[in-house]
Amino acid sequence: MFILAAAGSAVGLGNIWRFPFIAGDNGGGAFILVYLVCIFLIGIPIMMAEVLMGREVRSSPINTLRRLVTVSKASPAWILIGWMGVVAGFFILSFYAVIAGWAMDYVLVTAQGTFEGATSATASATFNSFLESPLQLMLWQTLFMIITVWIVARGVSGGLELAIRVFMPMLFILLVVMLGYSITTGGFGEATEFMFRFEWDRMGVEGVLAAMGQAFFTLSLGMGAIMAYGAYVPSQASVPGTVTIIAMLDTVVAIAAGLVIFSIVFANGLEPGQGPGLMFITLPLAFGQMPMGTLFGTVFFVLVSFAAITSAISLIEPALAFLVEEYNAVRSRVAISLGVITWVLGLGTVFSFNVWADVHLIGERTFFDLLDYLTNNIMLPLGGLLMGLFVGWVLPRKLVSEQLQMSSAALQAWFVAVRFIAPIGVATVFVYTILRGILG
Ligand code: PFF
């Protein structure tokens, strides 16, 4: 169940929507290399840290940290990691629901055969006219929030398990089918070259930060989501084993989505750096041209919507579990209240694509860009940095080694990763980006 739930959390819009567009915006190759290095050197060790903390205490992230602070006789300031995670979860879910809404809208639009024989001009026009309507975006955002709240209100349960067991493999298979199609488009060679040729001058320092942020986002790390799920890992399960499986699965999905999308980009002479609309403009072209494309396309957007729901649930879970534990509150009531707050915040993202498109906040960013930047490039990596320090330097070594059950060499390597590589890596990228920002 943990593997399913954690994989459900990890695989989502981050893999299929965000990874390709951020990679495209940052020039491909070098970005992807940094991203992969971050997944393996920082992501996997930090994910193990989150799981072990969750399994040790078996409660919500904030209470888990409270307990661990007591056990280690450490400063209560460490509990702030849990609070920051709750805030990051709200922020992320607020825009996640809007983007998931796009995918849901595209289920209907694709099913109507809109994209049969589509050209890049018509696909862009369809997407842009959709974005221009705040009401439409709100409608789908609202529906997505209602479904998410309804599921979490009932507890992370059997229905969900079934959904992940059935839909995740289907999404996998469909991606393989599309990968097959993308090879026939004539853009596949250029796509692999774009993704795997490491040209550093195509990427700046900001790209390094973006790659690191994407590694945290895609694995649901740095905010307690995986810690909350860690509470459900049986004592006899292997933490390193399960974590590695999840990270690999997640990475394979992202790379496959990237290959499909960039093949279509190059086959149609499009730009890889198109921002958040990339998936919604490129994939319809493929569905418009491939045999049975309307069917495949409809199913695809259904599956992406499901993948988004299983991730969204894990974004609320840390806050929800905490409030339920702390105030003995009724789960469904808390879920609805959290849902309403998130929904209101999400309106900022809805408007970022139309009525507030010209409102620029810090550094020429729309409200959506700012939230996305703040959470993915700052809050999640910062959470990861602090978790690494806490688990590596503060928690009793005995507690950690009993949880991980690894050979002493592997344990040693893991300690190096959480004590040094993750904190120093994140801190270096932060300092470097800040200096670059100040010095221009
Ligand atoms: N990992 C999810 C995705 O790739 O879509 C997004 C996400 C879920 C991020 C849960 C953070 C989180 F806590």
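One-based numbering, in listed order, for ligands and for the atoms of each.
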Report all N/O contacts between ligand 1 and the protein shorter than 3.5 Å as a table of atom names and distances to 0.1 Å; if there are none, say 'none'.
residue  : atom  : partner : partner atom : Å
ligand 1 : 1 (N) : Ser9    : O            : 3.1
ligand 1 : 1 (N) : Ala10   : O            : 3.1
ligand 1 : 1 (N) : Phe217  : O            : 2.8
ligand 1 : 1 (N) : Thr218  : O            : 3.2
ligand 1 : 1 (N) : Ser220  : OG           : 3.0
ligand 1 : 4 (O) : Ala10   : O            : 2.9
ligand 1 : 4 (O) : Gly14   : N            : 3.3
ligand 1 : 4 (O) : Asn15   : OD1          : 3.3
ligand 1 : 5 (O) : Leu13   : N            : 3.1
ligand 1 : 5 (O) : Gly14   : N            : 2.7
ligand 1 : 5 (O) : Tyr96   : OH           : 2.5

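Residue pairs meeting the side chain to side chain donor-acceptor pair (under 3.5 Å) criterion with at least one partner in residues 83-96, sequence neighbours excluded, are Tyr96-Ser311. For the ring-ring contact (aromatic ring centres under 6.0 Å, His included) condition, the pairs that include at least one residue of residues 29-72, sequence neighbours left out, are Phe19-Tyr35.
Side-chain contact of Trp343 with Thr142: a donor-acceptor pair under 3.5 Å is present, judged by distance alone. A donor-acceptor contact closer than 3.5 angstrom links the side chains of Glu325 and Asn63.
With sequence neighbours excluded, the residues forming a side chain to side chain contact (heavy atoms under 4.5 Å, CB included) with Thr294 are Glu116, Thr298, listed by chain and number.
Remark: aromatic rings of Phe287 and Phe300 are close, center separation under 6.0 Å.
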